[in-house]
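Note sheet for the following structure.
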Number of protein chains: 2
Amino acid sequence: MTIPPRRPLTLRDVSEASGVSEMTVSRVLRNKGDVSEATRAKVRAAAKKLGYVPNRIAGSLASSRVNLVAVIIPSLGNMVFPEVLSGISETLAGTGLQPVFGVTDYLPETEERVLFEMLSWRPSGVIIAGLEHTEASRAMLMRAEIPVVEIMDSDGAPIDACVGISHRRAGREMAEAILREGYRRIGFLGTKMPADHRARKRFEGFTRHLARAGVEIADQEFYSGGSALKKGREMTEALLSRTPDLDFLYFSNDMIGAGGLLWLLEQGFDIPGQIGLAGFNGVELLDGLPRQLATMDACRREIGREAARIIAARCANPAEGGAERVELTPLIARGDTLRRR
Amino acid sequence: MTIPPRRPLTLRDVSEASGVSEMTVSRVLRNKGDVSEATRAKVRAAAKKLGYVPNRIAGSLASSRVNLVAVIIPSLGNMVFPEVLSGISETLAGTGLQPVFGVTDYLPETEERVLFEMLSWRPSGVIIAGLEHTEASRAMLMRAEIPVVEIMDSDGAPIDACVGISHRRAGREMAEAILREGYRRIGFLGTKMPADHRARKRFEGFTRHLARAGVEIADQEFYSGGSALKKGREMTEALLSRTPDLDFLYFSNDMIGAGGLLWLLEQGFDIPGQIGLAGFNGVELLDGLPRQLATMDACRREIGREAARIIAARCANPAEGGAERVELTPLIARGDTLRRR
DNA sequence: TTGAAAGCGCTAACAT
DNA sequence: ATGTTAGCGCTTTCAA
C-alpha cells in the first residue's frame with residue numbers, strides 16, 4: 001500500500017506511476033494529439049488509480065486559454081435570473097465552457113468590483129445584465145478583448161454583442177393593450193429601485209404612450225424589500241383605498257401582481273370588468289393562481305440561450321462574427337385579467 | 001495618446017509605465033511588504049491609467065493560493081437554494097474569498113463532473129449540498145486536502161464539516177404536531193425524485209412516527225416538473241377526489257402546499273377544521289397567501305452563513321479547527337392551517 | 001525599502 | 001507516436 005502524498009498530485013506523479021513522459025500524459029488527459037491506444041490505457045489507469053485532478057491554473061497559464069465564462073447578474077432573489085442562468089448553463093454544457101456567476105445586488109460599484117474580480121481570471125467571455133455600467137466597468141470590458149454580451153435589455157448602446165428585449169416597447173405595448181380594452185383610470189405599482197433600469201424603461205414607455213393618448217397615471221405606489229407577494233397585496237389595498245375609482249393596475253412584476261390579484265379576489269372585485277390587472281415577466285408561478293394574470297413574457301430562458309450561443313460561437317471562431325444584436329419580441333399574454341371588451 | 005496594446009497588460013507594463021520594478025509593483029498591488037508612499041502612488045497611478053487587471057491565474061500558480069470557494073447545489077429552480085447562496089456570499093464578502101457556483105440538477109454523475117471541474121481550479125474550500133455522493137466524488141473530496149462543508153442535511157456521516165438540519169427529525173416533528181392536533185386521515189404530496197435525499201428522509205421520519213402511533217398515510221401523490229403551484233392544485237384535487245375523507249395534507253414543499261391551499265380555499269373547504277395543511281421550507285412567499293400555511297423553517301440562509309464561516313475560519317487558520325458539525329433546529333410555524341384544537 | 005533569480009504545473013512548439 | 005525545451009505571468013525567497 002502506498003502512502004498518499006500530502007500535496008496535490010501533478011502530471012509528474014502520473015508520469016512516474018505510468019512510466020510515460022509528462023508530455024504524453026498531458027496529451028492523453030486532454031485527448032490531444034496522437035497517442036497509441038496502449039499508452040492511453042496505461043495513463044488513464046494510473047490517473048484514475050491515483051485520483052489525479054489536473055491543475056487548470058497551470059494549464060490555463062501555459063495555454064493562455066480559460067474555459068470560464070463570467071456571468072454577472074443583479075440578483076438571485078426573484079425567479080427571473082435563475083431562469084436566465086439555466087438557459088446559459090444548458091447551452092454552454094456541450095461546449096467545454098463553464099459559466100461562473102457573480103451577483104451585484106443592483107449596485108454599480110459592486111458590479112465594478114465583481115467584474116474586476118472575474119476579469120482577473122481571464123475568462124473567455126462575459127455575459128452581463130443590462131446596458132448601464134460605470135465608466136470603469138465599460139473600460140474594463142472594452143480592454144478585455146473578449147466577447148461581451150449584454151443581456152435583458154436592448155434600449156441603448158451595447159459595448160459589443162447584445163441580447164434582450166426593449167423594455168420601453170414592452171411598456172408601450174402594454175399601455176396600448178390596456179387602452180384598447182377601454183381602461184382609463186390606471187394605477188402603477190412598482191419597486192423603489194432607481195438602479196433597476198429595465199423597470200424604469202418599462203415605466204417610461206408605459207407612461208409615454210398613455211400621455212400620447214391623453215391619459216395620465218391616476219395613482220402609483222412603490223415598495224422595496226420583503227415578500228413581493230405580500231407587498232403586492234398591501235400596495236393594492238393602499239392604492240385602492242386612496243384612489244378607489246381606478247379601473248386598471250399595472251404591476252412592474254408578476255409577483256406583486258399575483259399578490260394584488262389574490263387580494264382583489266378576496267375582496268370580491270369583478271376582474272377584469274370592474275378592474276383589470278397586468279404584470280410583467282411571465283413567471284411559471286402564475287399558472288397556479290386562481291386566475292391567469294395578464295403579463296408579458298420576458299424571454300428569460302431564450303435570452304440566456306442566445307447569449308451563451310454567441311459566446312460559444314465567438315470562442316470557437318474568434319476571427320469572424322461581429323457584435324450581434326438580438327432583440328427578442330416579448331408577447332402579451334392577456335390571461336384572464338385584461339379583456340374588458 | 002498611447003495606442004492601447006492588443007494583448008492583456010502584464011505587471012511588466014505597469015513596471016515600465018511607472019519606472020518601478022515588477023516586484024515592487026506586485027507588492028503595491030497586493031498591499032504586501034513595505035513600500036514607500038511615493039512609490040505606491042506612482043504605481044497606483046500607472047496601473048489605473050493603463051487599466052491593468054492582474055492575472056490571477058499566474059498569481060495563483062505562483063503562490064499556490066486560490067481565493068475561490070466551490071459551492072455545489074442541486075438546483076436553482078426553486079427558491080430554496082438561492083437563499084443559501086445569499087447567506088454564503090454575504091458571509092464570504094469580507095474575507096477575500098469568492099464563491100463559485102455549480103449546479104448538479106440532482107444527478108450524481110453531474111455532481112461528480114462539476115466537482116472534478118471545480119477541484120481542477122484548486123479552490124480553497126468546497127461547500128456541497130447533501131451527504132450522499134458517488135464513491136468517486138467522496139474520494140476526490142477527501143484527497144483534495146481542503147475544507148469541505150456538506151450542507152442542508154445532518155442525517156448521515158459527513159466527509160469533513162457539516163451544517164444542516166435533520167430531515168428525519170423534521171418529518172417526525174411534523175407528524176407529532178399533526179397527530180397532537182387530532183388529525184388522523186393523512187395524505188402526502190411530494191416530488192418524484194429518488195435523488196432528493198432530504199425530501200426522502202423527511203418522508204421517512206414522517207411515516208415512521210405515524211406508524212409508531214398506529215397511523216398510516218391514507219393516500220399519496222407525486223409530481224415532477226412544471227409549475228409547483230399548479231401541481232399543488234392538481235395533486236390536491238386528484239388526491240381528494242380519490243380519497244375524500246382525508247383530514248390532513250402534508251406537502252413536501254411550500255410551493256405545492258400553497259397551490260393546494262389556494263385550491264381548497266376556492267372549493268370552500270374549512271381550513272384547518274375540515275382539513276389541515278402543512279408544507280416545508282418556510283419560504284417568504286407564504287407571507288402573501290390568503291392564509292398562513294403551516295411550515296417548518298429549513299434555516300436556509302443560516303446554513304449558508306455557517307458553512308461560509310467555517311470555510312473562512314479554516315482558510316484563515318488551516319492548522320486548528322477540526323470537522324465541525326452544526327445541527328440547526330428547524331421550528332414549526334403553525335400558521336393558520338395546523339390548529340384543529 | 002527595493003531588486004534579482006528561481007520556479008509554480010502545465011502546454012506550445014519543435015525535435016525525434 | 002513520443003520526448004525535449006522553453007516559457008506562460010506572477011510570487012517566493014534571498015540578497016542588497
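Just so we're on the same page: letters track the sequence lines, and every chain starts at 1. Values in this document were obtained by computation on a predicted structure and should not be read as measured data.
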Interatomic distance, B:Leu9 CG vs D:dC8 C1' [rounded to whole Å]: 16 Å
d(CH2, B:Trp121; P, C:dC8) in whole Å: 19 Å
Between P of D:dG9 and CZ of A:Arg65, the distance in whole Å: 14 Å
Residue B:Met23, side-chain heavy atoms: nucleotide from C:dT1, D:dT11, C:dT11 that is nearest: D:dT11
Nearest-angstrom distance from the residue atom CG of A:Leu11 to P of D:dC8: 19 Å
Audit row: A:Val84, A:Ile73, side chain to side chain contact (heavy atoms under 4.5 Å, CB included) steps and yes/no: CA-CA 9 Å; A:Val84 178; A:Ile73 55 170; 5.6 Å; no
B:Arg314 side chain reached by B:Asp160 side chain, heavy atoms, under 4.5 Å: yes
Touch class at under 4.0 angstrom, heavy-atom based, for B:Asn55 against every strand present: sugar-phosphate
Below 4.0 Å: OP1/OP2 of C:dT1 and any side-chain N or O of B:Ser36: no
Closest listed nucleotide, where the reference is the side chain of A:Thr10 and the choices are D:dG3, C:dT2, C:dG9: C:dG9
Under-4.0 Å side-chain N/O to phosphate OP1/OP2 contact, B:Arg12 with D:dC8: no
Carboxylate-amine/guanidinium proximity below 4.0 Å for A:Arg7 and B:Glu145: no
C:dA12 phosphate, OP1 or OP2, under 4.0 Å from A:Arg30 side-chain N/O: yes
Between P of D:dC8 and CD of B:Glu22, the distance in whole Å: 11 Å
Side-chain N,O (B:Thr24) to OP1/OP2 (C:dG3) below 4.0 Å: yes
Any donor-acceptor pair under 3.5 Å from B:Asn78 side chain to B:Val80 backbone: yes
Euclidean distance, atom CG of residue A:Asn31 to atom C1' of C:dT11 [Å, nearest integer]: 15 Å
C:dG9 OP1/OP2 closer than 4.0 Å to side-chain N/O of A:Tyr52: no
Chi angles and distances behind the side chain to side chain contact (heavy atoms under 4.5 Å, CB included) call for B:Ile146, B:Leu119: CA-CA 10 Å; B:Ile146 52 176; B:Leu119 287 180; 4.1 Å; yes
Given C:dA12, C:dT1, C:dG7, the nucleotide with the shortest approach to the side chain of B:Ala62: C:dG7
Side-chain N or O of B:Ser26 closer than 4.0 Å to phosphate OP1/OP2 of D:dT11: yes
5′-ward residue of the pair A:Gly59/B:Val20 relative to DNA chain C: B:Val20
Touch class at under 4.0 angstrom, heavy-atom based, for B:Ser64 against every strand present: nothing
Rounded distance in Å - CG (B:Leu29) to P (D:dC10): 9 Å
Heavy-atom neighbours of A:Arg325 CZ exceed 12 at 6.0 Å: yes
Phosphate-side-chain proximity, A:Ser21 and D:dG3, N/O vs OP1/OP2 below 4.0 Å: yes
Any N/O donor-acceptor pair, B:Arg27 side-chain to C:dG3 base, under 3.5 Å: yes
Rounded interatomic separation in angstrom, taking NZ from B:Lys42 and P from C:dT2: 8 Å
Which nucleotide in D:dC8, D:dG3, D:dC10 has an atom nearest any side-chain atom of A:Leu61: D:dC8
Sugar-phosphate only, base, or nothing, as touched by A:Ser60 at under 4.0 Å among non-hydrogen atoms: nothing
